Amino acid sequence: MQFRAGNEMDLTGLNAPQREAVTTLHGPLLVLSGAGSGKTRVITYKVASLIFDHGVSPYRIMALTFTNKAAREMADRIERLIRLPVRGLLVGTFHSICARLLRIEKVMGGNFTIYDTDDQKKIIKGVLDDLNLSDSRSFSPGDVAGRISGLKNRLITPERFDLQIGNVFDEQFASIYRRYEMKKRKSNGMDFDDLLIEALEMITKNDLLRDKYQEKVQYLLVDEYQDTNRVQYELVRQLSNKHRNITVVGDDDQSIYSWRGADLRNILEFEKAFPDAKTVRLEQNYRSTATILDAANAVISRNKARKPKTLWTEGERGDKLEVHYLYNDLEEAREVTRRIRTRGPKSTVIFYRTNAQSRTLEDELRNAGIPYVIVGGLRFYERKEIKDVLAYLRLLVNPADEVSLARIINLPKRGIGDKAYASLCEFAARLQIGPFEALSRLEEALEFTARERTAFSVFHNLCLALSAQRQETDLVSFVQFVAEQSGYLKYLEESEEEQAGERLDNVSEFINAVGEYVERNDSPTLESFLQEVALLTDMDAVKNDTGEQVTLMTLHAGKGLEFDYVFITGMEDGLFPISRAEEEGGLEEERRLFYVGITRARKWAMLTHAATRRRFGTTTSAFPSPFLDELPEHCIRRIDRTGGSTSFALRDKPAAAPLFNEVRENRQAMPSYEHFSQEDGLLRNGMKVQHPIWGKGTVVMVSGLADNMKATIKFQNDAVKKVMVKYAKLEIVGG
DNA sequence: CCCGTCGGTTTTTTT
DNA sequence: AACCGACGGG
């Protein structure tokens, strides 16, 4: 396929650095691209230009993204630029492309099951049971899963971990880790991390495959490079090693996934890893008003671990941002809703730090009749009913998949309870085969009761029947057949559960999704459908800002998107920044998240603090987020609707209507804390205190509540210390 | 084996 | 508040 045409692509719409990035074809290139500076444009133009102007075959270009949505958008935009459908271009997420390579090269027979976090936890739970560690408080499946993932992201195998065992805890953890890997392998399963690791291993250990892919990848482009982890870095390095035409695009200020293993060093030290790298900086912003950028720049400049840069714009000044102090989360939701009601839902997003915060907002929006969509939260493919149907399909494709077998062997009820299943597993272990395989050798077992034996063979026959049907019909009818014949649909229909109807709907929607997949693909197979689906996110369904409805999502989900109007709710210390992130680089990452939030806005943003909030079923109170103090006063208007008496009420107060007539604007730099008198025994910013060891100092920040209250104090010798108020024996000497 | 109840835990973010 | 797993009676 050749696209070389008489006329060249028109690059005059690009600014100078953008054009430089697009026209730098050879060698490593780092594009440091601030928020809203047109990085997607750069990537798409570059790919289009490679194909269109330089006759590069699409088969030789690989573009890696973090979400399927970003991948799809990129492909669309490239096609629009070239005005021709492009075949063969490898665009996708790291995970999906790796899965594809593994399938093509038949790693694990190309027929592995992708385990999500939920499946992963089930395996780990089994491991903990096996090792009698289930009720040791030190290990929860979730924690273990996170820790294992952290190690795998840094390419630390169980064997390597064994070498760094320091205590009994490590030792136990090591055996959990080892056993987890073993079990997973036995099931022919891969977790998310495995997809990357196995692909990396494949091309490092196999010379032929390495040559094949290094040769193939003539041009490699990586989006959101700041979020790559160690494994992804190695992959990128390996794949680009032959032709060395690698373009990475990213913004260290928008790195918000370190908890998932993202290593900021990848971008900060790109020039070290690729000494001949060229760097292009995109700092002109085409999205936001100057006021928004001022605010964002001021906030992010407080971070130390970053490449200094300043966004600028030729656009207008715009309106000041608003910071609202509200009595509680309900008032917060009302205030946000009130604003949206007067202006309409057009191009508006409401951000929050945690998914749990969405409920109150939803309720208010619904009451006000404002249409909204929620993005994120529970993924479609994570719903129980979907995972149940998926488990049937997975088992048929991969009979070794024990997670799926355990899930459905007694769903609907078939008289195979925990005990019966355990004894089947025991029998299987004796024969050194998997439990599913054991079903076909029941006659060799002596230990089963007649009842168990019957139940097992009923289930086994069901599977055989389903399996036989697979060859007979198309994918959609087959899935329908499975849902019916397994008895699962009937089970849902007869369920007394309130959500049963919704669940049935979801199952039909799932079957529709199978249909869409079949239409979309040239050679659809159940195997690849299952693998694709395992990597889908709810985010992939985000419609691009239709303007018809308000969008609700977490700040993390907002990256890469833009809206005219942005609301950031829950600006409370302990919630945002979230309390768990207090130490090390945690605060800087939270600040980057705040920066991402602000820079989503084209025209205007409003930030809200709720003095009290219902969390975990009880009312809790919190100080305003320290981030609110980092906004330059000339960019914002502060509006206090708490009534002026208590900005955060430690006592309960009946939820009153907002006191609109008591609105006070442009208050002094420090909100809220100033309402506290000394007899509250509480510290506030600016207070002078005496510390028994450090002497006199000024409080610069207060965080946490009650016994957890911490104060950051700048002492006379310029030392800044963070102390626990409870223990520090501080004496207030003025302020 | 199945179902109900009780108690403990949860919520940071996601491929 | 909501969800999950453990436990005990039918």
Side-chain angles (χ1 to χ4, degrees), chain A residues 64-71 92-99 114-118 120-122 125 128-129 134-135 137 140-143 145-146 149 152-153 190-196 224 227-229 231-232 255-262 351-360 375-379 381-382 384 410-422 449 451-452 455 496 499 531-540 553-559 570 574-582 586 589-590 592-594 596-597 613-620:
Chain A
L64 297 168
T65 63
F66 271 77
T67 63
N68 295 293
K69 180 173 179 259
T93 64
F94 272 94
H95 290 86
S96 72
I97 289 203
C98 286
I114 300 175
Y115 285 142
D116 66 15
T117 338
D118 187 52
Q120 210 177 355
K121 282 192 211 150
K122 285 194 173 145
K125 195 173 167 304
L128 292 175
D129 286 343
S134 284
D135 34 38
R137 289 275 155 270
S140 79
D143 287 352
S149 178
K152 291 171 81 161
N153 284 328
M190 293 211 200
D191 60 29
F192 289 139
D193 302 318
D194 289 331
L195 295 173
L196 307 177
E224 308 279 16
D227 286 326
T228 49
N229 61 31
V231 185
Q232 288 163 328
S255 165
I256 54 177
Y257 286 110
S258 72
W259 50 273
R260 204 171 89 189
F351 285 130
Y352 33 81
R353 177 65 238 263
T354 67
N355 279 306
Q357 289 164 250
S358 71
R359 170 156 272 146
T360 324
V375 176
L378 189 61
R379 303 191 291 172
Y381 290 99
E382 265 168 16
K384 272 183 228 72
N410 201 30
L411 187 79
K413 299 275 182 294
R414 301 188 172 88
I416 306 177
D418 292 347
K419 234 179 119 202
Y421 183 63
T449 63
R451 254 170 95 171
E452 285 173 336
E496 303 280 307
Q499 315 156 345
Q531 291 184 358
E532 188 176 300
V533 143
L535 297 173
L536 281 186
T537 337
D538 194 53
M539 224 106 66
D540 302 322
M553 62 174 88
T554 63
L555 286 146
H556 281 86
K559 197 170 62 160
L575 183 61
F576 188 31
I578 201 135
S579 49
R580 293 203 193 187
E582 294 241 313
E589 178 141 324
E590 293 289 303
R592 290 195 290 269
L593 193 54
F594 185 41
V596 166
R613 176 180 300 281
R614 284 195 76 79
R615 271 178 103 184
F616 304 114
T618 49
T619 303
T620 57

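We name chains A, B, ... by the order of the sequence lines, and we start the count at 1 in each one. Computed from a predicted structure; not experimentally measured.
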Classify the nucleic acid contact of [X] as base, sugar-phosphate or nothing, counting any heavy atom under 4.0 Å across all strands shown.
X      : result
A/T117 : base
A/N410 : sugar-phosphate
A/D116 : nothing
A/F66  : sugar-phosphate

Note to self: Taking salt bridge (charged side-chain N to carboxylate O under 4.0 Å, His left out) as the definition, give me every residue that meets it alongside A/D143, ordered by chain and number, with sequence neighbours left out.
What the structure shows: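 Result, salt bridge (charged side-chain N to carboxylate O under 4.0 Å, His left out) vs A/D143: none returned.
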Note to self: What's the gap between C/dC4 and B/dT13 when it is taken at their C1' atoms, as a whole Å value?
What the structure shows: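 Their C1' atoms lie roughly 22 Å apart.
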Who pairs with [X] by side-chain contact (heavy atoms from CB on, under 4.5 Å), at least two apart in sequence or on another chain?
X      : answer
A/D191 : A/Q120, A/K152, A/Y180, A/K184, A/D193, A/D194
A/L411 : A/D388, A/Y488, A/Y491
A/R451 : A/T449

Check: Can you name the closest pair of heavy atoms from A/F351 and A/G597 and give their distance?
Finding: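 Between these two residues, the closest heavy atoms are CE1-O, 4.0 Å.
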Checklist line | Donor-acceptor pair under 3.5 Å, A/R260 side chain vs B/dT13 base | finding: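 Flag unset: no donor-acceptor pair detected.
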Notebook entry, point to check: Between the base of B/dT12 and the side chain of A/W259, is there a donor-acceptor distance below 3.5 Å?
Noted result: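 It does not, because no donor-acceptor pair links the side chain of A/W259 to the base of B/dT12 below 3.5 Å.
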Next item on the list: Would you please name every residue forming a ring pair (Phe, Tyr, Trp, His ring centres under 6.0 Å) with A/F66, sequence neighbours left out?
Entry: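 Here the qualifying residues are A/F94.
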Item checked: Under 5.5 Å and under 30°: A/Y257 stacked on B/dT14 ->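 According to the criterion (under 5.5 Å, under 30°), no, A/Y257 does not stack.
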Note to self: Counting primed atoms plus P, OP1 and OP2 as sugar-phosphate and everything else as base, spell out the protein contacts along nucleotides 2-10 of chain C at 4.0 Å heavy-atom distance: B, S or - for each nucleotide, 5' to 3'.
What the structure shows: S---S----
